[in-house]
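Just below is one structure, and these are the notes that go with it.
Only heavy atoms go into these numbers, but all of them, side chains included; no hydrogens, no water, no symmetry mates. The residues of the chain are indexed from 1 along the displayed sequence.
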Amino acid sequence: MYIADGIAYAGEKEPVIKISGVRPMEDYKLWLRFSTGEAKIFDFKPLLEKPAFALLADKAVFNGVYIDYGVTVWNDGDIDISPKFLYDHAVSTEGAA
């Protein structure tokens with residue numbers, strides 16, 4: 001149980017996930033370091049078909065990724081993606097060659 005803003009909640013409070021490191025990789029993948037200390041790889045290719053991310057199909061734009069307040073962003077902040085989404089859908093690098 002935890003209390004937030006005077007309200008009691010069942011279960012454990014989930015930590016806020018933030019991005020602490022990012023590097024673009026080949027084939028529209030991102031290497032990510034999370035505030036949990038974990039490193040994961042996220043395959044961005046399936047999202048390039050979505051209108052919100054279509055501009056990232058341009059490799060120069062995709063490779064311009066950076067972190068703003070713990071969030072992965074591109075194009076001067078016009079494009080971003082939730083750190084929690086990346087965390088939930090990325091693959092751990094643990095044991096990867």
Can you measure from [atom1] ([X]) to [atom2] ([Y]) and round to the nearest 0.5 angstrom?
X	Y	atom1	atom2	value
Phe42	Leu32	CZ	CG	8.5 Å
Leu47	Ile79	CG	CD1	11.5 Å
Lys40	Thr93	NZ	OG1	9.5 Å

For Ala8, check side-chain contact (heavy atoms from CB on, under 4.5 Å) against everything at least two apart and list the hits.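 Applying side-chain contact (heavy atoms from CB on, under 4.5 Å) to Ala8 gives Met1, Ile3.
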
Residue pair Phe34 / Leu86: nearest heavy atoms and the distance that separates them: CZ-C, 3.9 Å

Give me the atom names and distance for the closest heavy-atom approach of Gly70 to Pro83.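 That would be O-CG, 3.3 Å.
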
Report all side-chain donor-acceptor pairs from residues 49-67 shorter than 3.5 Å, counting only partners two or more places apart or in another chain.
from, atom 1, to, atom 2, distance (Å)
Asp58, OD1, Ala60, N, 2.9
Asn63, ND2, Lys59, O, 3.3
Tyr66, OH, Gly77, N, 3.1

Any side-chain hydrogen bond (donor to acceptor under 3.5 Å, both in side chains) involving residues 25-37? Give me the pairs, sequence neighbours left out, ordered by first then second residue.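 Of all non-adjacent pairs touching residues 25-37, those that pass side-chain hydrogen bond (donor to acceptor under 3.5 Å, both in side chains) are Asp27-Lys45, Thr36-Glu38.
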
Sequence neighbours excluded - salt bridge (Lys or Arg N to Asp or Glu O under 4.0 Å) pairs with any residue from residues 64-87: Glu14-Lys84, Lys84-Asp88

Sorted by first residue and then second, give each salt bridge (Lys or Arg N to Asp or Glu O under 4.0 Å) pair with at least one member in residues 3-13; sequence neighbours left out.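 Found none.
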
According to a 4.5 Å side-chain heavy-atom criterion applied to Ile, Leu, Val, Met, Phe, Trp and Tyr, with indirect links allowed, do [X] and [Y] form part of one hydrophobic cluster?
X	Y	result
Val73	Phe44	no
Phe85	Ile19	yes
Val22	Val71	no

Please identify each residue that fulfils ring pair (Phe, Tyr, Trp, His ring centres under 6.0 Å) with Tyr69, with sequence neighbours left out.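 If we apply the ring pair (Phe, Tyr, Trp, His ring centres under 6.0 Å) test to Tyr69, skipping adjacent residues, there are no hits.
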
